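This report refers to the structure that appears directly beneath it.
This structure is a prediction, so every number in the text was calculated from the model and none was measured. Here is how names work: the chains are called A, B, and so on, in the same order as the sequence lines, proteins then strands, and each is numbered from 1. As a basis for the values below, the full set of heavy atoms in this structure was taken, side chains included, without hydrogen atoms, waters or symmetry mates.
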Amino acid sequence: LTGRKKIDEETFEDLEEALIMGDVGVGTSERLLDRLRERVKKDRIETGEVLEEALIEEVEQILLGGEGAVTVPEAKPRVVVMVGVNGTGKTTSLGKLAHYHASNGERVMVAAADTFRAAAVDQLRVWADRAKVEIVSNESGADPAAVAFDAVSSARSREMDVVFVDTAGRLQTKVNLMEELRKIGRVIGKACPGAPHEVLLVLDATTGQNAVIQAKQFGDVIDITGLVLTKVDGTAKGGVVVAISDELGIPVRYLGLGEGIDDLQPFDAKAFAEALFK
Amino acid sequence: DLSQKLEGAFKKLRGRGVLTPENIKEGLREVRRALLEADVNFKVAKDFIKRVEEKASGQEVLKGLNPGQQVVKIVHEELVGLLGGELVPLAKADSPPTVLMVVGLQGAGKTTLCGKLAQRIKKSGRRVLLVAADVYRPAAMDQLKVVGEGVGVEVFIQRIDDAVKICRAGVEEANNRGFDVVILDTAGRLHIDDELMGELQQIESDVKPHETLLVVDGLTGQDAVNVAESFNEKLGLTGAVLTKMDGDARGGAALSMRHVTGVPIKFVGVGEKSDALEEFHPDRMASRILG
Ligand SMILES: Nc1nc2c(ncn2[C@@H]2O[C@H](COP(=O)(O)OP(=O)(O)OP(=O)(O)O)[C@@H](O)[C@H]2O)c(=O)[nH]1
Ligand SMILES: Nc1nc2c(ncn2[C@@H]2O[C@H](COP(=O)(O)OP(=O)(O)OP(=O)(O)O)[C@@H](O)[C@H]2O)c(=O)[nH]1
Ligand SMILES: [Mg+2]
Ligand SMILES: [Mg+2]
């Protein structure tokens with residue numbers, strides 16, 4: 001991006017443009033560039049090329065900084081819940097994760113706790129078939145917390161290795177739906193003490209600054225342990241995860257890069273930071 | 001609130017003098033920040049600020065308005081102008097059926113929108129046929145079937161794997177059975193997927209839609225320009241719909257979309273139910289973007 005020429009204000013403007021166009025956001029970009037100016041002095045950085053490398057390091061540090069305490073269960077099953085706003089790829093990502101764990105020899109169950117949206121259970125059923133895992137569901141309109149409870153209880157009594165719970169998409173501004181999610185989390189804990197062990201907030205890479213608000217407000221009703229960033233096979237950079245890691249310390253766990261069952265990758269912070277500037 | 005933020009930047013201008021590029025520079029930086037926080041594309045925001053600077057320069061500082069308010073008024077007017085003038089209604093064919101094609105990225109809200117459009121058109125007394133042309137997504141056709149049942153509209157389903165054939169057959173069915181409108185629900189796809197974009201071009205050349213609506217998720221950030229540009233290059237877009245605006249996303253994607261394609265935003269999705277569709281109001285959108 002910046003090459004071997006000497007650093008001037010225009011170099012910083014180019015870097016700011018790359019960060020903002022990557023959806024890192026104004027606030028986080030400013031903090032990053034302030035830190036970068038300090039490094040220019042401290043490390044005596046002279047060329048744009050080295051400057052860009054330093055910025056990539058700063059971004060990588062932020063991304064690696066998230067702890068995202070994942071509870072290690074004392075007994076089976078491990079319970080993972082997929083949450084997020086509408087259409088981000090929760091159901092599809094769940095299918096990919098279920099397949100990954102099943103093909104590693106684990107006994108996997110999926111819970112169809114989206115009892116609201118048209119054909120949501122049918123959609124998950126197709127993924128369960130593809131991943132060759134069991135599915136627990138109920139009829140449309142059933143209480144999602146009840147479906148989650150039944151699935152987790154059943155998995156516990158049968159000592160399954162992992163249960164993935166699919167939930168309905170919901171905008172964080174819908175108070176009743178956020179309370180429903182809080183209840184789902186609480187009820188899962190009743191079915192299996194210590195659960196859920198992982199709660200993955202699924203974010204669409206095309207999403208802008210609203211993702212930070214999503215992370216905050218979903219985090220208020222259920223403890224978010226990690227992010228899944230989907231649709232990175234598009235042209236959006238998903239830089240908003242840098243803001244989320246910076247402000248909330250929540251790490252990215254997986255990247256969704258397609259609609260196929262194998263299109264999931266564990267998160268690589270360095271590769272992601274570099275891609276922001278490509 | 002933006003005018004409050006600008007008040008500080010314009011303290012020295014109160015009640016006298018003329019707005020100049022120099023004395024409004026700091027204030028315009030605040031406006032640019034607000035636009036970027038609202039997800040307006042970086043380059044679009046840059047162009048927009050230039051336009052505002054040109055419009056504002058030379059204006060007398062008006063008595064009774066603090067200069068910050070005056071600049072916000074100019075910004076707001078400029079935004080409304082760009083977002084879109086006259087409300088452009090849905091296309092209507094001279095001889096039925098009117099063919100509507102709904103396109104966009106994965107998860108934008110197309111299938112849900114098809115149900116909303118079907119209900120709206122049905123309420124106006126016209127017969128609608130929904131066509132399930134998504135052959136990829138698991139249970140996509142079942143989803144549209146349930147959506148159709150919810151609004152009492154028939155859904156054309158052919159469980160084959162050729163979307164072009166389905167659309168052709170669906171429009172033919174609409175023709176033969178005297179439907180007024182036929183709505184094609186297509187699969188979500190990436191604008192950079194040449195094969196799938198080619199599929200849409202084939203459908204377009206086959207059935208010649210009177211209306212091709214690009215559905216964009218209201219939460220979309222900087223990428224909105226890329227998506228809108230690509231879809232507009234490859235297809236004859238006639239309108240756009242911004243969805244999930246019942247949330248608190250500022251909706252800067254609307255400005256980005258309009259700026260690069262000039263395509264009118266016709267509707268706004270404001271919920272998951274079949275009645276959650278509003279006509280696009282540029283003034284409301286402008287206020288929302290400015291926060
Ligand atoms: N290109 C691409 N598409 C994806 C990816 N993940 C999901 N999708 C697509 O995005 C669309 C929505 O995916 P879903 O899994 O239904 O999303 P969801 O979050 O469960 O949606 P709701 O339950 O309605 O809130 C589908 O068309 C998926 O195939 C990805 O990583 N890349
Ligand atoms: N809150 C809200 N949710 C919406 C709106 N429009 C659609 N949705 C939800 O967004 C999710 C995705 O909607 P779909 O209609 O399946 O999206 P799609 O574009 O057809 O998805 P693909 O076919 O996979 O590309 C669903 O959970 C819908 O209920 C809206 O205006 N507001
Ligand atoms: Mg889902
Ligand atoms: Mg669809």
Original post:
Does any heavy atom of chain B fall under 4.5 Å from the side chain of I20(A), the backbone, both, or neither of them?
Top reply: both
Original post:
Where is the tightest heavy-atom contact between A119(A) and A139(B), given as atom of each residue plus distance?
Top reply: CB-O, 3.9 Å
Original post:
Non-hydrogen atoms of chain A under 4.5 Å away: do they reach the side chain of L144(B), the backbone, both or neither?
Top reply: neither
**OP:** Taking all heavy atoms of V146(B) and all of A118(A), pick out the closest pair and write down the distance.
**Re:** CG1-CB, 3.6 Å
**OP:** Return the set of residues passing ring-ring contact (aromatic ring centres under 6.0 Å, His included) with F272(A) (not counting sequence neighbours), or none when no residue passes.
**Re:** F267(A)
Original post:
L219(B) versus chain A, heavy atoms under 4.5 Å apart: side chain, backbone, both or neither?
Top reply: both
Geometric donor-acceptor pairs, no angle filter, chain A-chain B, under 3.5 Å:
{"unit_1": "E16(A)", "atom_1": "OE1", "unit_2": "R32(B)", "atom_2": "NH2", "d": "3.3"}
{"unit_1": "D23(A)", "atom_1": "OD1", "unit_2": "Q222(B)", "atom_2": "N", "d": "3.0"}
{"unit_1": "E30(A)", "atom_1": "OE1", "unit_2": "R33(B)", "atom_2": "NH1", "d": "3.3"}
{"unit_1": "E30(A)", "atom_1": "OE1", "unit_2": "R33(B)", "atom_2": "NH2", "d": "3.3"}
{"unit_1": "E30(A)", "atom_1": "OE2", "unit_2": "R33(B)", "atom_2": "NH1", "d": "2.7"}
{"unit_1": "N86(A)", "atom_1": "O", "unit_2": "K244(B)", "atom_2": "NZ", "d": "2.9"}
{"unit_1": "N86(A)", "atom_1": "ND2", "unit_2": "E272(B)", "atom_2": "OE1", "d": "3.1"}
{"unit_1": "N86(A)", "atom_1": "ND2", "unit_2": "E272(B)", "atom_2": "OE2", "d": "3.3"}
{"unit_1": "Q123(A)", "atom_1": "OE1", "unit_2": "R137(B)", "atom_2": "NH2", "d": "3.4"}
{"unit_1": "Q172(A)", "atom_1": "NE2", "unit_2": "D248(B)", "atom_2": "OD1", "d": "3.0"}
{"unit_1": "K174(A)", "atom_1": "NZ", "unit_2": "D246(B)", "atom_2": "OD2", "d": "2.4"}
{"unit_1": "T206(A)", "atom_1": "O", "unit_2": "G221(B)", "atom_2": "N", "d": "2.8"}
{"unit_1": "G208(A)", "atom_1": "N", "unit_2": "L219(B)", "atom_2": "O", "d": "2.8"}
{"unit_1": "Q209(A)", "atom_1": "N", "unit_2": "D39(B)", "atom_2": "OD1", "d": "2.9"}
{"unit_1": "Q209(A)", "atom_1": "N", "unit_2": "D39(B)", "atom_2": "OD2", "d": "3.4"}
{"unit_1": "N210(A)", "atom_1": "ND2", "unit_2": "D248(B)", "atom_2": "OD1", "d": "2.8"}
{"unit_1": "K231(A)", "atom_1": "NZ", "unit_2": "Q106(B)", "atom_2": "O", "d": "3.0"}
{"unit_1": "T235(A)", "atom_1": "OG1", "unit_2": "H191(B)", "atom_2": "NE2", "d": "2.9"}
{"unit_1": "T235(A)", "atom_1": "OG1", "unit_2": "D223(B)", "atom_2": "OD1", "d": "2.6"}
{"unit_1": "T235(A)", "atom_1": "OG1", "unit_2": "D223(B)", "atom_2": "OD2", "d": "3.3"}
{"unit_1": "E259(A)", "atom_1": "OE2", "unit_2": "Q106(B)", "atom_2": "NE2", "d": "2.8"}

